[in-house]
Amino acid sequence: FVVVLANPEGNFTTWHAGVETHFGYTREEFIGQNIEVLLPMAERFRGVGHREIEQAAQNGRANDTRWLVRKNGQRMLAEGVTIGLRDAAGRLAGFGKVLRDVTERRTVEDNLRTLTGALDQSVVLIRRWDGTIDHWTSGCERLYGFAAQDAVGKKVSEFLRVTYPAPL
């Protein structure tokens, strides 16, 4: 996690050890930088950072999940929230920002989706001990010519007219 504060203009006023761990900036390099320092150049040009603090100022908070950039140029996917902080008179005093690196989680999710897609394209049927089909992939549909709704719940031996050399 990274937890930092910024002034009303969006310039960081505090530093957190997570800033160096996740982004590579020391306290001296980070404090005074605008929140846009963490954004990819294209998003800086589009004013994404400015819109984020504007939304937090108007609505009290701005949530997002977006790619950020480390000091070394590497990308990092982060979930974050920017909260508009107000003084006792209700005037905008600055912003609190909390970020969490979710790059690894996204990579795992993407890999799982890829594997799931590959599995579904493969010829895989899952059956119970009694031979009842529980799962029928699109690969099975292509090979055997039957849709999953036609196969699931049927006995493999009857449905595919399979003869086993020994009883199941």
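Hydrogens, waters and symmetry mates play no part in the numbers below; they use all other heavy atoms, side chains included.
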Evaluate side chain to side chain contact (heavy atoms under 4.5 Å, CB included) for Leu68 paired with Leu99, printing each intermediate quantity in order.
CA-CA 10 Å; Leu68 299 177; Leu99 296 166; 4.0 Å; yes
Before giving the answer on salt bridge (charged side-chain N to carboxylate O under 4.0 Å, His left out), spell out for Glu36 and Arg44 the whole-Å C-alpha distance, their side-chain angles and the decisive distance to 0.1 Å.
CA-CA 6 Å; Glu36 290 192 339; Arg44 290 183 201 181; 5.9 Å; no
Go through Val124 and Trp136 one step at a time and tell me if the side chain to side chain contact (heavy atoms under 4.5 Å, CB included) criterion holds.
CA-CA 6 Å; Val124 176; Trp136 186 267; over 6 Å; no
Take Thr116 and Thr114 through the side chain to side chain contact (heavy atoms under 4.5 Å, CB included) test and state the conclusion after the steps.
CA-CA 5 Å; Thr116 301; Thr114 300; over 6 Å; no
Residue pair Thr107, Leu77: steps toward the side chain to side chain contact (heavy atoms under 4.5 Å, CB included) verdict
CA-CA 10 Å; Thr107 300; Leu77 187 65; over 6 Å; no
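The two residues Arg106 and Thr65 come nearest to each other via the heavy atoms NH2-CG2, 4.4 Å. Nearest approach of Pro8 to Ala93, heavy atoms of both residues: CD-O, 3.5 Å. Closest heavy-atom contact between Gln33 and Glu29: CG-O, 3.2 Å.
Residues satisfying the side chain to side chain contact (heavy atoms under 4.5 Å, CB included) test with Val48, not counting sequence neighbours, are Leu39, Glu43, Arg46, Arg51, Arg66.
Contact of the Cys140 side chain with the Thr137 side chain is registered, since non-hydrogen atoms from C-beta on lie closer than 4.5 Å. For the pair Val156/Leu125, a side-chain contact is recorded, criterion being any heavy-atom separation below 4.5 Å from C-beta on. Counting heavy atoms from C-beta on, the side chains of Ile35 and Ile53 come closer than 4.5 Å. At a threshold of 4.5 Å between non-hydrogen side-chain atoms, the residues Lys71 and Thr26 do not count as touching.
For Phe23 and Trp15, the gap between ring centers reaches or exceeds 6.0 Å.
Using a cutoff of 4.0 Å between basic side-chain nitrogens and carboxylate oxygens, Arg128 and Asp134 are scored as salt-bridged. Salt bridge Glu109/Arg105: present, at least one basic N to carboxylate O contact under 4.0 Å.
Residue Glu52 holds its CD atom at 3.5 Å from OG1 of Thr82, rounded to the nearest 0.5 Å. Between Asp130 atom CG and Lys155 atom NZ the span is 3.5 Å, to the nearest 0.5 Å. Atoms CZ and NE2, on Arg100 and His22 in that order, are 10.5 Å from each other to the nearest 0.5 Å. Atom CD1 of Ile133 and atom CZ of Phe146 lie 9.5 Å apart (nearest 0.5 Å). With rounding to the nearest 0.5 angstrom, the CG atom of Leu85 is 8.0 Å from the CZ atom of Phe95. Met76 contributes atom CE, which lies 6.0 Å from atom OG1 of Thr103 (distance to the nearest 0.5 angstrom).
Using a distance-only test at 3.5 Å, with no hydrogens or angles considered, no donor-acceptor pair links the side chain of Thr132 to the main chain of Gly153. Between the side chain of Asn59 and the main chain of Arg61, no donor-acceptor pair closer than 3.5 Å is present.
Under the salt bridge (charged side-chain N to carboxylate O under 4.0 Å, His left out) criterion, no residue pair touches residues 2-28, with sequence neighbours excluded. The list of side chain to side chain donor-acceptor pair (under 3.5 Å) pairs with a residue in residues 139-153, not counting sequence neighbours, reads Gln121-Arg142.
The side chain to side chain contact (heavy atoms under 4.5 Å, CB included) test with Thr14 is passed by exactly one of Leu5, Ile31, Val19, Val3: Leu5.
One hydrophobic cluster, built from ILVMFWY side chains closer than 4.5 Å, cannot hold both Val81 and Val4; they sit in different ones.
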